[in-house]
Each structure stands twice: as C-alpha cells, then as structure tokens.
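Read the structure below first, then the notes.
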Amino acid sequence: MSRAAAVRRLAAHEGRWLRSLGWWVARRRIGVAPGERALGYAGAQAALVYGLAFVCGVETVGLGVLLAGKAVVHEVMLFIDVYTVLTVLGLQAAAVTRPHVLGAEVLRLRDGARREIRIPLERIATVRYDLRFGKEERKGGGEGGDGSVVTELPVAGQTSVTVELSEPVVAVRLLGRRETVRTVRFHCDEAREAVAAIRAGMAARGGAAEAGGTPETATPPETAGPPETGTAPEAAAPPKTAGVPLKQV
C-alpha cells in the first residue's frame, strides 16, 4: 500500500472515533438496525481508559502551570494534551457506540473504529465460550494449513468467545491488509449470553433454510380394494344353542 493510501485510511479512522464522541454523548449506537442485537465489549476496558484519561488530564494541568511563562510552548503543549485526552476518550467512545452486531444473516465483529469483520451465519461451524488472556503464540504466524489466519479482537488483553468457520472470510486491517480468516477470537462483556444468542441465530438461520426447500408430499393412505369376484363371503356360523337336558323317567 502506498503512503498516500495509508494516510487516507488513518485520516478516516480519526474521523470515525471523533464522530463516536458525539454519538457517545448522545447515547446512540452506530450501525445497529431495529431487530438486530448489540453485543457490547467496552466494559472490560472502561476502568483502564478512564484512569488513563484522568492521568492525561492531570498532566495537562501540570504542564500548564510549568509553562505559564512561555506562551507559544504552552499553547502547543495544551493542544497536544487536549487532543491526547480526546484520543483516549475516543477509544472508549468508539467501543461503546460500535458494538458487535448479531443480525438475522450476518455476525459483524468490530474492533472499535479500527475494523469490522462480517461473518455470514451459515459459515459458522462452531461457537463457544473460550476465555483467554494475552495473545496466543502460534507457529507459522498463526496461519492455518490453507493459509488462513487466526484473528483476535482482544479487549483489555482478553478474548472470551471463539468462532470457527466452515468457509473462510476476508478481513481487512486498519491499513488495508487483507487476511483470509477461519478462526476469530473476540471479547463480549456477557460472553455466555452472546454464545447462546449466536447459536440461536444459527439455528434460526438453518431452520429458515430448511423451510425454504421443497416440502415432501404426503403419501395418501391406502384404501381397501374391492372384494375379489367369484369368491363368496364366508357365512357367519350360526350361534350354538344350549342343549336341552333329558328328563329322567
């Protein structure tokens, strides 16, 4: 990728998290249509992000006091510090306003404002609760035998759900690099509920696919045929009469 293309993608990313601040203040979410289920993941990093923003705010005030007599340097550092605080808060805002989304046909996994992976439900082979901390060391750079990779979308250094695919999907990274993915690990605040919801979506999708096929026609019940000609029906045997007792002389 050329430098100009990389700069454009980075600028687009900056615009996305800046817009997320406005959506965060308005308490709205981006890209969640009616009938779709949002799977949040921002809770795991909230304490870390808010703590870092507080430290950056204290630094901004401290530098303002130290550089009070140097107007130009003070203004430059004030701009940098304020933008740093906004960047940290934008990280949380992007995660809150851009949750994972489970739709009727597609599962969209998001990494804040950085990227999004679209997985059709019919391509999901298995989904399970799988809590992991830290990035797993894999031989061959995490590539599968067919050249596919294991993609991780960690939050606060952890993933809690693993999705394995029957067919690979293509994921695009922040700077435009394309990857063929067969396994995705991501985090959800309510991981077990997310797994149950995805499984229910897979079952509903499979049921809809079966219902769309041609239904089998029911075999009509066999009817009794006419009696064979030339054969007289058996006459019912006369009932047996009780014998009359003999009168003794």
Side-chain angles (χ1 to χ4, degrees), residues 1-24 28-33 36-46 48-49 52 86-103 105-121 123-124 127 130 132-136 138 141-144 146-165 167-189 191 194 198 201:
M1 174 181 290
S2 64
R3 291 184 179 180
V7 170
R8 286 195 298 269
R9 295 187 71 91
L10 287 174
H13 170 257
E14 293 287 308
R16 286 194 295 270
W17 70 254
L18 282 171
R19 288 193 301 272
S20 297
L21 288 170
W23 284 74
W24 189 28
R28 298 177 63 185
R29 294 175 298 191
I30 300 173
V32 182
E36 295 181 334
R37 178 166 181 173
L39 307 174
Y41 56 88
Q45 68 181 18
L48 176 63
V49 171
L52 184 58
L86 290 177
T87 302
V88 173
L89 293 177
L91 176 67
Q92 179 69 3
V96 172
T97 59
R98 288 178 165 85
H100 306 309
V101 180
L102 175 61
E105 298 180 356
V106 177
L107 172 65
R108 286 182 289 151
L109 303 178
R110 291 159 152 181
D111 187 13
R114 288 179 289 274
R115 61 171 172 164
E116 178 178 304
I117 302 175
R118 300 176 65 89
I119 302 176
L121 294 182
R123 295 194 184 186
I124 299 179
V127 55
D130 185 19
R132 295 170 181 258
F133 292 92
K135 191 169 184 178
E136 180 185 359
R138 294 179 294 275
E143 295 189 358
D146 57 353
S148 60
V149 301
V150 178
T151 295
E152 295 181 349
L153 305 177
V155 179
Q158 64 179 323
T159 60
S160 54
V161 181
T162 297
V163 173
E164 295 180 353
L165 308 179
E167 298 180 27
V169 297
V170 176
V172 181
R173 287 188 170 271
L174 175 60
L175 295 181
R177 192 179 75 181
R178 302 173 71 86
E179 297 176 337
T180 303
V181 176
R182 270 194 178 271
T183 302
V184 183
R185 297 190 179 108
F186 62 97
H187 177 70
C188 275
D189 293 335
I198 295 172

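Basis for what follows: all heavy atoms, side chains included, without hydrogens, waters or symmetry-related copies.
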Whether the side chain of [X] engages the backbone of [Y] through a donor-acceptor N/O pair (distance < 3.5 Å, no angle test) should be reported.
X      : Y      : value
Arg37  : Gly103 : no
Arg9   : Leu174 : yes
Arg132 : Pro154 : no
Asp189 : Gly43  : yes
Tyr41  : Gly112 : yes
Arg185 : Thr162 : no
His100 : His187 : yes

**Item:** side chain to side chain contact (heavy atoms under 4.5 Å, CB included) assessment of Arg123 paired with Val169
**Value:** CA-CA 9 Å; Arg123 295 194 184 186; Val169 297; 3.8 Å; yes
Output the distance between atom [atom1] ([X]) and atom [atom2] ([Y]), rounded to the nearest 0.5 Å.
X      : Y      : atom1 : atom2 : result
Leu165 : Leu107 : CG    : CG    : 9.5 Å
Asp130 : Glu164 : CG    : CD    : 9.0 Å
Gln158 : Glu152 : CD    : CD    : 12.0 Å
Arg108 : Arg118 : CZ    : CZ    : 5.5 Å
Gln92  : Leu48  : CD    : CG    : 9.5 Å

I'd like to check [X] versus [Y] (side-chain heavy atoms, cut-off strictly below 4.5 Å). Are they in contact?
X      : Y      : value
Val149 : Thr180 : no
Val172 : Arg177 : no
Val7   : Ser2   : no
Pro99  : Val32  : yes
Thr159 : Leu153 : no
Arg115 : Thr151 : yes
Leu39  : Cys188 : yes
Leu89  : Leu21  : yes

**Request:** Grab the two heavy atoms, one from Val181 and one from Ala171, that are nearest each other, plus how far apart they are.
**Result:** CG2-CB, 3.8 Å
**Request:** Indicate the atoms forming the closest heavy-atom contact of Arg110 with Gly31, along with that distance.
**Result:** NH2-CA, 3.6 Å
**Message:** Quick one, Arg114 with Trp17, criterion side chain to side chain contact (heavy atoms under 4.5 Å, CB included). Give me CA distance, side-chain angles, the key distance, then yes/no.
**Reply:** CA-CA 9 Å; Arg114 288 179 289 274; Trp17 70 254; over 6 Å; no
**Request:** Apply side chain to side chain contact (heavy atoms under 4.5 Å, CB included) to the pair Ile198 and Ile124, showing each step before the final yes or no.
**Result:** CA-CA 9 Å; Ile198 295 172; Ile124 299 179; 4.2 Å; yes
**Message:** Quick test of your reading of the model: are Arg182 and Glu167 salt-bridged, counting only N-O distances below 4.0 Å?
**Reply:** no
**Short N-O contact, Glu14 and Arg16, less than 4.0 angstrom** = no
**Request:** Tell me, with the steps shown, if Ser20 and Arg98 meet side-chain hydrogen bond (donor to acceptor under 3.5 Å, both in side chains).
**Result:** CA-CA 8 Å; Ser20 297; Arg98 288 178 165 85; 2.3 Å; yes
**Message:** Checking Val163 against Phe186 for the side chain to side chain contact (heavy atoms under 4.5 Å, CB included) test, could you report, in this order, the C-alpha distance in whole Å, the side-chain angles of both residues, the deciding distance, and whether it holds?
**Reply:** CA-CA 8 Å; Val163 173; Phe186 62 97; 3.6 Å; yes
